[in-house]
Amino acid sequence: AWGILGMASAGAKNFASLFIIRLLLGAFEAGLLFSSRYYLTLWYTRKEYSKRLGYLYIVSCVAGVTGGIIAYGISQISTERLHTWQWMFIIEGAPCIIFAFITFYFLPDHPGVAKFLTKDEKKLVVKRITIGNYFNGNCMKSAFTDWKTYFYIIIYLTSSMAGIGITLTLPSIVDGLGAWDEDVSLALTTPPYALACVLIFVVSWSSGKTCV
């Protein structure tokens with residue numbers, strides 16, 4: 001859905017059509033991070049979880065690193081047939097469709113159906129995950145009554161707004177820092193994301209070691 005809607009954005013003719021496409025894209029994207037976090041819990045213990053979650057965010061930063069370079073390359077394409085922004089939607093949307101089919105085929109729903117694990121390995125993965133983990137009615141109740149749940153919601157919302165704000169405005173910020181062309185500013189958005197990759201790895205690794 002991401003790739004299809006992304007490529008469809010290139011055909012938007014007015015604000016209304018673009019708004020509907022972006023609204024649908026946001027609806028399909030909304031569950032990605034939460035489902036990804038849940039998926040990690042099917043494979044890793046609590047002690048191992050923070051480092052793997054860090055890897056998930058590193059992948060997001062890698063997308064920022066490569067995105068700036070790709071955007072710079074796309075800006076060099078001739079605009080005789082399509083505008084640069086249309087090429088960007090098409091070129092960045094197409095791989096999503098391809099990888100969707102690859103992921104659907106190769107990514108198992110849970111360790112119990114993983115084709116790359118033997119029968120004994122499947123049992124071992126499931127056993128190590130279930131040790132110390134349990135769920136009952138009290139767990140559900142505590143999720144709504146524990147103040148830390150709502151504190152975490154505030155942290156997540158504010159950090160998400162900051163992250164999205166940086167993503168959307170970084171090219172404009174970089175463009176205002178020097179006398180370079182606008183297409184060059186796209187490539188210069190790479191270093192901040194590269195630094196973020198390093199910092200996320202260090203923090204997630206430290207968290208996994210110290211259980212903080």
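- I97 and W87 end up in the same hydrophobic cluster when Ile, Leu, Val, Met, Phe, Trp and Tyr side chains are linked at under 4.5 Å.
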Please evaluate residues E48 and R128 with respect to the criterion salt bridge (charged side-chain N to carboxylate O under 4.0 Å, His left out), reporting the C-alpha separation (whole Å), side-chain torsions for both, the decisive distance (0.1 Å), and the verdict. CA-CA 11 Å; E48 300 167 336; R128 65 192 294 271; 2.4 Å; yes
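- Note: L107 CG to T103 OG1 = 6.5 Å, rounded to the nearest 0.5 Å.
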Would T84 and I77 satisfy side chain to side chain contact (heavy atoms under 4.5 Å, CB included), going step by step from the backbone distance to the final call? CA-CA 7 Å; T84 299; I77 299 177; over 6 Å; no
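- Annotation for L117 and K122: closest pair O-CE, 3.4 Å, computed over non-hydrogen atoms.
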Return a table of donor-acceptor pairs under 3.5 angstrom between the side chains of residues 186-193 and protein atoms on other chains or two or more places apart.
unit_1, atom_1, unit_2, atom_2, d
T189, OG1, L186, O, 2.6
T190, OG1, V65, O, 3.2
T190, OG1, A187, O, 3.0

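- For Q76 (side chain) and G73 (main-chain N/O), no donor-acceptor pair under 3.5 Å exists by modelled atom type.
- Test L24, L18, L23 against I20 for side chain to side chain contact (heavy atoms under 4.5 Å, CB included) and you get one pass: L24.
- Side-chain contact between L56 and L53 is present, with at least one heavy-atom pair separated by less than 4.5 Å.
- Within a 6.0 Å sphere centred on CZ of R37, other residues, nucleotides and ligands contribute more than 12 heavy atoms.
- Considering only heavy atoms from C-beta on, Y38 comes within 4.5 Å of T41 through its side chain.
- Rounding to the nearest 0.5 angstrom, the gap separating the OG1 atom in T118 from the NZ atom in K123 is 10.0 Å.
- No cation-pi contact links K13 to F19, judged by a cut-off of 6.0 Å to the six-membered ring centre and 45° from its axis.
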Checking side chain to side chain contact (heavy atoms under 4.5 Å, CB included) for the pair L42/I129: CA distance, chi angles, key distance, verdict? CA-CA 7 Å; L42 300 178; I129 294 301; over 6 Å; no
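- Residue F116 qualifies as enclosed at atom CZ: its count of foreign heavy atoms under 6.0 Å is above 12.
- S60 contributes atom OG, which lies 7.5 Å from atom CD1 of I200 (distance to the nearest 0.5 angstrom).
- In this structure a side-chain-to-backbone donor-acceptor pair under 3.5 Å is missing from S206 to V203.
- Closest non-hydrogen pair, W85 versus A12, comes out as CH2-O, 4.0 Å.
- T66 places a side-chain N or O within 3.5 Å of a backbone atom of V62 that can act as its donor or acceptor partner.
- Expressed to the nearest 0.5 Å, how far CD1 of I90 lies from CD1 of I74 amounts to 9.5 Å.
- Heavy-atom minimum distance, F144 versus Y150: O-OH, 2.6 Å.
- Under the 4.5 Å side-chain contact rule for hydrophobic residues, I153 and I155 do not share a cluster.
- Among residue pairs with one or both ends in residues 147-158, those qualifying as salt bridge (charged side-chain N to carboxylate O under 4.0 Å, His left out) are D146-K148; sequence neighbours excluded.
- Contact record, A8 with I21: O-CD1, 3.6 Å, taken as the closest heavy-atom pair.
- Atom OG of S185 and atom CG of L177 lie 9.5 Å apart (nearest 0.5 Å).
- Applying the 6.0 Å contact sphere to OH of Y39 captures more than 12 heavy atoms from other residues, nucleotides or ligands.
- How far CD of Q86 is from OG of S9: 10.5 Å, rounded to the nearest 0.5 Å.
- Under the 4.5 Å side-chain contact rule for hydrophobic residues, F101 and M7 share a cluster.
- Contact between W43 and P108 at its shortest, heavy atoms only, is CZ2-CG, 3.7 Å.
- Residues Y156 and F34 place their aromatic rings such that the two centres sit under 6.0 Å apart.
- Taking both residues in full, the closest heavy atoms of I70 and E92 are given as CG2-OE2, 3.9 Å, listed atom of the first, atom of the second, then distance.
- I98 and I4 are members of different hydrophobic clusters when ILVMFWY side chains are connected at heavy-atom separations under 4.5 Å.
- Both Y57 and Y55 belong to a single network of hydrophobic side chains, linked directly or stepwise wherever heavy atoms of I, L, V, M, F, W or Y lie under 4.5 Å apart.
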